[in-house]
A.B. asks: 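Below are the structure tokens for one structure; questions will follow.
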There are 2 protein chains.
Amino acid sequence: MLSASVKDVAALAGVSVGTVSNVLNRPEKVSPAVMTKVQMAIEKLGFVRNDAARQLRAGMSHSIGLVVLDAANPFFTDLARGAEDSAAAKGFSVLVGNSSDDERREASYLGLFEQQRVLGILLSPVGDILSRLEQLRRRGIPTVLVDRVSDNASFSSVGVDNVAGGEMAVRHLLSLGRRRIVFVGGPSSIRQVADRLTGARKAIKEVFDATLEVIEPDSLTVLSGRAAGEAIRNRPVEERPDAIFAANDLLAVGILQALMLMGTVQVPQEIALIGYDDIEFASAAVVPLSSIRQPSALIGSTALELLLQEVSAEPGFKTSRVVFPPELVVRASTRG
Amino acid sequence: MLSASVKDVAALAGVSVGTVSNVLNRPEKVSPAVMTKVQMAIEKLGFVRNDAARQLRAGMSHSIGLVVLDAANPFFTDLARGAEDSAAAKGFSVLVGNSSDDERREASYLGLFEQQRVLGILLSPVGDILSRLEQLRRRGIPTVLVDRVSDNASFSSVGVDNVAGGEMAVRHLLSLGRRRIVFVGGPSSIRQVADRLTGARKAIKEVFDATLEVIEPDSLTVLSGRAAGEAIRNRPVEERPDAIFAANDLLAVGILQALMLMGTVQVPQEIALIGYDDIEFASAAVVPLSSIRQPSALIGSTALELLLQEVSAEPGFKTSRVVFPPELVVRASTRG
DNA sequence: AGCTCGTAATGAAACGATTCATTACTAACT
DNA sequence: AGTTAGTAATGAATCGTTTCATTACGAGCT
């Protein structure tokens with residue numbers, strides 16, 4: 001008797017299963033007397049709808065899948081929060097998968113979501129998966145790219161202009177008079193990282209005596225940042241850069257830790273440091289971090305809206321690509 | 001033609017649906033010839049199993065629900081990661097819900113998980129929900145409490161001794177010679193917070209001239225911490241405490257930001273500060289934060305193991321309560 | 001030839017909620 | 001009284017997968 005079914009409820013209330021279903025789904029079609037009888041039976045049996053049966057019949061779930069690159073990164077938690085709130089307001093729920101920059105894990109979550117017949121998918125893709133997206137679409141599962149502008153007009157996307165952000169960051173460092181700049185970011189297969197680097201190069205070119213060195217860590221984490229920071233700290237003073245642009249704030253926090261250890265390197269006096277994402281901890285760092293802010297929650301909620309539009313697409317539906325502008329936030333790590 | 005079914009596959013391969021199912025679930029029962037025929041049909045039609053139908057038939061899903069108090073808190077992201085990895089290794093998946101300290105959201109996630117007939121639930125409860133847990137158990141859904149030691153022997157739980165942790169933190173502050181201590185933590189309805197406070201009181205009692213003031217913020221976030229810190233910063237110097245124990249690191253980070261603003265209050269010279277959880281950012285804060293470390297990922301994976309044990313419980317099954325010891329981590333914020 | 005095993009494949013039943021065409025009943029109107 | 005219109009309730013069919021009792025077919029043996 002682990003869980004009663006509509007049939008049990010119907011039997012106890014002395015009505016048909018159809019009527020129980022009506023009580024659940026169109027109460028206005030049911031007379032008050034029957035209504036209470038059924039509700040009492042539901043109460044008494046502790047009846048809980050079986051979602052699997054509902055979905056099977058409906059052909060679709062009321063969930064939306066979200067695959068993020070890194071669940072430990074506050075940027076993505078905020079994004080997820082934005083999407084969840086927006087979905088909850090409309091009666092949908094969001095299933096979150098964490099790909100950890102791993103194409104295999106990404107594929108496995110997409111497969112899982114497909115099996116669950118989710119309504120649609122929000123995806124911050126690891127690599128290039130256009131063909132997989134087309135396959136999903138053919139099977140009736142629309143996808144919206146998040147934190148990434150689609151190269152292909154046939155998919156909606158919500159992102160931030162990473163090239164502009166990278167340009168903005170480096171231009172800021174140059175405006176402080178810094179010339180020997182290091183970009184820390186990787187793996188380069190991550191599109192966001194590549195774009196930020198492209199922007200950085202663009203800005204560098206405008207100043208004849210500026211140079212950009214690239215250090216490519218394994219991942220965008222505090223730990224990798226610490227390793228990169230140590231490598232720089234251990235260089236002879238004359239080989240150290242005078243500014244660092246980190247591809248995200250987690251890296252920047254790690255770099256900062258490593259540089260400041262034992263007071264070896266002064267930030268920003270000796271090396272100015274700027275990160276990316278403007279996570280909440282950026283302002284609380286040893287030296288409050290300058291950063292490039294992205295409207296994370298807004299990206300999440302906007303992507304969800306676009307997805308829902310596409311789910312209930314009219315014949316003439318057009319996908320759209322939303323690009324938010326990044327914003328420079330200057331703090332102590334680039335002042336001085 | 002949005003998604004083909006076993007029936008379509010069977011028709012194309014010229015076999016029965018039962019055989020297709022056998023190919024999928026017991027390949028050893030199928031002859032090689034038929035095997036390849038069916039696999040080609042699956043490939044050609046792009047057949048993807050319908051999870052709803054499988055679950056309906058099986059009566060149970062292969063997912064586990066996890067409800068956390070705060071998805072933005074790295075402590076819980078780490079815990080979730082521990083549980084997910086552990087589950088993935090056994091072929092299960094984890095659905096994560098974020099209650100945000102809100103009993104309504106908690107209830108809504110429990111309801112959702114119940115409708116989805118999850119195998120079991122990992123829960124870090126907001127309030128007192130013993131009766132709800134008993135109801136879930138009666139319906140065949142076992143629950144393991146995480147980050148909370150069960151008061152009731154009938155439920156398994158995995159947690160850390162928060163009373164000991166609170167005691168440890170305050171004892172450390174006292175050992176530095178601090179006597180006017182403020183505890184910042186709330187809402188007090190959160191059991192972990194209450195326990196840490198109990199521990200703090202216990203330690204205070206051992207030193208005759210020590211006092212403990214309690215400030216209760218609305219939530220355990222950086223923002224609330226900042227507000228609490230500002231309130232303290234704005235007091236006349238003689239009314240300020242000489243040490244603060246924050247109920248978690250997010251609060252501590254916020255407090256630190258507020259105190260250091262404009263260099264008003266020196267940490268740790270004027271006020272020593274210790275947090276709780278030892279999140280990754282604690283060591284990267286303006287003044288590296290002392291904290292009480294909890295083995296977050298281990299808590300998650302252990303809880304999952306216990307849950308799986310209970311799912312496949314033998315008649316003589318006994319629930320267990322695992323309590324990990326907290327660990328003091330001393331950094332600059334309490335040195336000096 | 002007749003018989004028994006063993007292996008492969010079959011296909012109907014079941015899971016539980018929803019839908020919808022049908023039936024049952026009332027009330028209102030001519 | 002007879003017809004119609006309208007509301008309530010019914011219950012069989014459906015979704016896609018899995019299970020399992022049954023059938024089909026050979027091979028091997030006496």
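Every chain is numbered from 1, with letters handed out A, B, ... down the list of sequences.
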A.B. asks: Hey, which of A/I299, A/L66, A/L79 is the one that makes side chain to side chain contact (heavy atoms under 4.5 Å, CB included) with A/L122?
C.D. replies: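 So, applying the side chain to side chain contact (heavy atoms under 4.5 Å, CB included) to A/L122 and each of A/I299, A/L66, A/L79, only A/L66 qualifies.
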A.B. asks: To the nearest 0.5 Å, what is the distance between OG (B/S86) and CG (B/L308)?
C.D. replies: 7.5 Å
A.B. asks: Quick one: does any side-chain atom of A/S156 pair with a main-chain N or O of A/S320 as donor and acceptor, under 3.5 Å?
C.D. replies: yes
A.B. asks: Taking atom C1' of D/dG16 as reference, at what distance in whole Å does atom CZ of A/R54 sit?
C.D. replies: 18 Å
A.B. asks: Sort me out a list of protein N/O and nucleotides 6-8 of chain C N/O pairs below 3.5 Å, or just none if empty.
C.D. replies:
none

A.B. asks: Output the rounded distance in Å from CE (B/M60) to C1' (C/dG16).
C.D. replies: 14 Å
A.B. asks: Check the side chains of B/R132 and B/Q135 for a donor-acceptor pair under 3.5 angstrom, ignoring hydrogens and angles.
C.D. replies: yes
A.B. asks: To the nearest Å, how far apart are B/Q115 CD and C/dG16 C1'?
C.D. replies: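 It works out to 13 Å between those atoms.
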A.B. asks: Would B/R137 count as a cation-pi partner of B/F155, with NZ or CZ less than 6.0 Å from the six-membered ring centre and within 45° of the ring normal?
C.D. replies: yes
A.B. asks: Taking A/S150's backbone N and O only, do any of them form a donor-acceptor pair with A/R321's side chain (distance below 3.5 Å, no angle check)?
C.D. replies: yes
A.B. asks: Within the 3.5 Å criterion, strictly below it, is a donor on B/N152 or B/S154 matched to an acceptor on the partner's side chain?
C.D. replies: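 Their side chains do contain a donor-acceptor pair, which is all the 3.5 Å distance test asks for.
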A.B. asks: With a cut-off of less than 4.0 Å, is there a side-chain N or O of B/R49 near OP1 or OP2 of D/dT18?
C.D. replies: yes
A.B. asks: Expressed as a whole number of angstroms, how long is the span from A/M35:CE to D/dA9:P?
C.D. replies: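 It works out to 11 Å between those atoms.
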A.B. asks: Nearest-Å distance, NZ (B/K7) to P (D/dC15)?
C.D. replies: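 Checked: the NZ to P distance equals 6 Å.
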A.B. asks: Calculate the interatomic distance between B/Q55 atom CD and D/dT18 atom C1'; express it in whole Å.
C.D. replies: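 Distance check: B/Q55 CD to D/dT18 C1' gives 13 Å.
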A.B. asks: So, is A/T19 close to the D/dT10 phosphate, meaning a side-chain N or O under 4.0 Å from OP1 or OP2?
C.D. replies: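 Looking at the OP1 and OP2 atoms of D/dT10, one of them is under 4.0 Å from a side-chain N or O of A/T19.
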A.B. asks: Would you mind reading off the distance between A/L56 atom CG and D/dT17 atom P, rounded to a whole angstrom?
C.D. replies: 9 Å
A.B. asks: Whole-Å distance between C/dC15 P and B/N50 CG?
C.D. replies: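 That distance rounds to 18 Å.
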A.B. asks: Among B/D128, B/D147, B/D151, which residue satisfies the salt bridge (charged side-chain N to carboxylate O under 4.0 Å, His left out) criterion with B/R191?
C.D. replies: B/D151
A.B. asks: Between N or O atoms, less than 3.5 Å apart, protein on one side and nucleotides 19-23 of chain D on the other: list the pairs.
C.D. replies:
{"from": "D/dT19", "atom 1": "OP2", "to": "B/R26", "atom 2": "NH1", "distance (Å)": "2.9"}
{"from": "D/dT19", "atom 1": "O4'", "to": "B/R57", "atom 2": "NH1", "distance (Å)": "3.4"}

A.B. asks: Minimum heavy-atom separation for A/L307 and A/P142, please, with both atom names.
C.D. replies: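 Shortest heavy-atom separation between A/L307 and A/P142 comes out as CD1-O, 3.6 Å.
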